[in-house]
Protein chains: 2
Amino acid sequence: MIREKRFELIRGELAKKGIVEGDDLAARLQVSRATIRRDLDQLEEEGLLIRTHGGAQVVDSLVELPYHSKLVAYMQEKRAIGLCASQMVPEGSVIGCTGGTTVMSVIKYMKGKTVTVVTNAINIAMELASSESTQVIVTGGAMRTRSYELVGHIADRTLDELYMDIALLGIDGLDLVRGISTYTMQEAHTASLYVNHAERVWVVADHTKVGKIAPALIAPIMKVHRLFTDPGLSPELRSELEAIGMEVVIAEM
Amino acid sequence: MIREKRFELIRGELAKKGIVEGDDLAARLQVSRATIRRDLDQLEEEGLLIRTHGGAQVVDSLVELPYHSKLVAYMQEKRAIGLCASQMVPEGSVIGCTGGTTVMSVIKYMKGKTVTVVTNAINIAMELASSESTQVIVTGGAMRTRSYELVGHIADRTLDELYMDIALLGIDGLDLVRGISTYTMQEAHTASLYVNHAERVWVVADHTKVGKIAPALIAPIMKVHRLFTDPGLSPELRSELEAIGMEVVIAEM
DNA sequence: GTTAAAATGAACAAAAATGTGCAGAAAAAT
DNA sequence: ATTTTTCTGCACATTTTTGTTCATTTTAAC
C-alpha cells in the first residue's frame with residue numbers, strides 16, 4: 001500500500017464522515033499509527049484537513065474562500081442548513097437538485113456519500129466530480145448566461161425520464177398561498193419538473209425567503225414535504241407551515 | 001513485451017484506478033522494477049502521470065491549481081495549438097467539442113467569440129460560463145469519475161438531434177490505418193457521434209499522438225478534415241497525412 | 001486538582017524504493 | 001550477416017519511507 005493510496009482513502013473517509021480517527025485508519029490501512037500521523041501531517045500541510053488529537057477533521061471548505069464567503073448572504077445559516085439536510089439524506093438514494101447557493105452548501109457535505117445526484121447545474125456537478133462514491137447525472141440543456149443552470153427542452157426531456165427519491169430545491173420565495181417560487185420562468189419550469197418526478201420534495205432556504213413571493217411559480221405549497229431553514233424563522237410562520245402538514249427543520253448553528 | 005504495450009497497459013490502469021504501484025506493474029507485466037521505473041519516468045515526461053514513491057498517479061486534472069498546470073504535457077505546444085485553432089473558427093459557427101486538455105486550450109481562446117459550443121464536458125462549459133457572447137449547450141449524461149465528460153444514452157440522444165459546423169476533438173491516438181482513437185470506449189463512442197453530426201472534423205493533438213493507436217476507436221482517418229498539431233510532427237508523417245487529403249496545420253509557438 | 005489513559009513528537013533502526021553504471025539481450029539499420 | 005542502437009536486468013550506494021521506542025503533552029475521568 002503506497003502513500004498515495006492511503007491519501008486517497010483518507011480523503012474519501014474525510015469527505016464522507018467529516019472526521020477520521022488515527023487508530024481506525026491505522027487498522028484499516030494496515031500501517032502503524034506513526035505513519036498515519038505523518039500522513040495526516042502532510043495532508044494538513046496541503047490544506048486538506050485539520051489535525052485534532054486522535055485524528056483529523058475536514059477543513060471547513062467555506063473558510064478557504066474568505067473573500068467569496070462575504071459575497072454570499074447568510075453564509076453561516078446556509079452552512080448549517082447544508083450540514084443538517086445532508087445528514088438526513090439516506091445512503092443510496094437518488095437526489096435531484098437545482099442550482100443556487102443553498103443547495104450548493106448541501107452538496108458540499110454530500111461528498112463521499114454513496115448517492116446518485118441528478119442536476120441541471122454544472123457547478124453542482126463540478127463540485128461532485130472529485131467524489132468517487134457519488135454518481136452524477138447531468139440533465140444537459142442550454143446554459144443560461146451568468147448562471148450555471150441548464151434549461152430548455154433537453155433538460156426537460158432528461159428529467160422526464162428520471163425518477164428521484166428526493167427533489168432538493170433552492171428557491172427565492174415560499175408562501176402559504178402562492179407556493180414556492182423563483183425569479184426566472186425557465187428555472188421555475190425546470191424546478192417544477194423535479195417536483196413532479198420525485199417521491200419527496202425538500203426545500204432549503206434561509207428564513208428571509210419564507211413568506212416571500214418571487215415572480216415565477218414552481219409548485220403549490222402542498223407539494224413541499226420538508227423545509228430546511230435557520231433559527232431566524234419566526235415561530236408564527238413555522239406554526240402556520242406545520243399546520244398545513246409541512247415538516248420544518250431548523251438547522252442549529 | 002515491448003515498451004509500447006507496457007505503456008498502454010499502464011495508461012489504461014491509470015485511467016481506471018488513478019494510482020498504480022510499481023511492484024504490481026512489474027509483476028503484471030513480467031519485467032523488472034527498474035524497467036517499470038524507467039517506463040514511469042518516461043510517461044511522466046510526457047505529462048501523463050506524476051511519479052510517487054512506490055508508483056505513480058494520474059495528473060489530477062480535477063485540481064486546477066496553478067502549480068499543477070506546469071505538469072500538463074506539452075503545455076506550450078497545446079497553448080499554441082489552442083490559439084491557432086481558435087483563430088480559424090468562423091464567427092457564428094456551431095462547434096461540438098469533447099473534453100481533454102488540448103480542446104480546453106482551444107476553448108480558452110474562444111471566449112468572447114460569438115459562437116455556439118456544444119459539449120459533453122462540464123469543465124468546458126464552466127470555462128465558458130463567464131463568456132456573454134458564447135452560447136453553450138451541454139449534452140447531459142452520466143459523469144465519468146476522474147473526468148469531466150458526460151457519457152451514456154442521455155448524451156447520445158442529445159447529440160443525435162444536433163448538427164454542428166465543426167467537431168473539435170481531442171484524441172489519444174491518430175493513425176493512418178486505424179484512424180483516431182482514445183483510451184475509453186465510452187468516450188470514443190461519444191466522440192464518434194460528434195464526427196457523425198458535424199460538417200467538418202478538426203482534431204487537435206500534440207505531435208506525440210500522431211502515429212499512435214489507443215484501444216478505443218473513434219472514427220476512420222478519412223473522416224478527419226483537419227489536424228492541428230505542433231512543430232514536433234515529423235515531415236514524413238505530415239506528408240503521409242497530406243497525401244490522403246488531410247489538412248495539417250502546424251501551430252508555431 | 002490530581003491521576004490514569006491516550007496521543008504526540010522526536011530519534012533511531014529497519015525496510016523499501018530509487019537512481020546509476022554496466023553487461024548482456026533484443027531490435028533496428030546497414 | 002553484421003554492426004549499431006536501444007532496451008533490459010542486475011548490483012550497489014543513496015534516499016525515502018516506515019515501524020518502534022520513549023519522554024512529553026493532551027484529554028478525560030475522578
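Heavy atoms only: backbone and side chains are in, while hydrogens, waters and symmetry mates are out.
Between B:Q42 atom CD and D:dT6 atom P there is a gap of 13 Å when expressed in whole angstrom units. In this structure, the CD atom of B:E44 is 12 Å from the P atom of C:dT18, given to the nearest Å. Going from atom CG of B:L29 over to atom P of D:dG9 covers 10 Å, rounded to whole Å. For A:I36 and D:dT20, the CD1 to C1' distance is 16 Å, given to the nearest whole Å. In this entry the distance linking CD of A:E45 with P of C:dG9 reads 13 Å, nearest Å. The nearest whole Å value for the distance from the CG atom in A:L25 to the P atom in C:dT8 is 11 Å. Remark: C1' of D:dT17 and CD of B:E21 are 14 Å apart, rounded to the nearest angstrom. With rounding to whole Å, A:R3 atom CZ is found 11 Å from D:dT16 atom P.
The side chain of B:A34 approaches D:dC10 more closely than any other nucleotide in the set C:dA7, D:dT18, D:dC10. Listed nucleotides: D:dG19, C:dA7, D:dC7. Nearest to the side chain of A:D23: C:dA7. Each of C:dG19, D:dT27, C:dG9 was ranked by its minimum atom distance to the side chain of B:R51; first place goes to C:dG19. Nearest nucleotide to the side chain of B:H53, out of D:dT16, D:dT18, D:dG9: D:dT16.
Remark: A:E21 CD is loosely packed, at most 12 non-hydrogen atoms of other residues, nucleotides or ligands lying under 6.0 Å away. Counting heavy-atom neighbours within 6.0 Å of A:E91 CD, excluding the residue itself, gives a total above 12. Atom OH of A:Y148 is surrounded by 12 or fewer heavy atoms from other residues, nucleotides or ligands within 6.0 Å.
Contact annotation: B:R6 side-chain N/O to D:dT8 OP1/OP2 distance is under 4.0 Å. Within the 4.0 Å cut-off from OP1 or OP2 of D:dG19, not a single side-chain nitrogen or oxygen of A:R33 is found. Distances shorter than 4.0 Å separate none of the side-chain N or O atoms of B:R38 from OP1 or OP2 on D:dC7. In terms of phosphate contacts, B:T35 brings a side-chain nitrogen or oxygen within less than 4.0 Å of OP1 or OP2 of D:dG9.
In this model, a donor atom of one side chain and an acceptor atom of the other lie less than 3.5 Å apart for A:T35 and A:S32. For the residue pair B:R3/B:Q42, the side-chain donor-acceptor check at 3.5 Å is satisfied.
Residue A:R37 is classed as a base contact, given a heavy-atom separation below 4.0 Å to a base.
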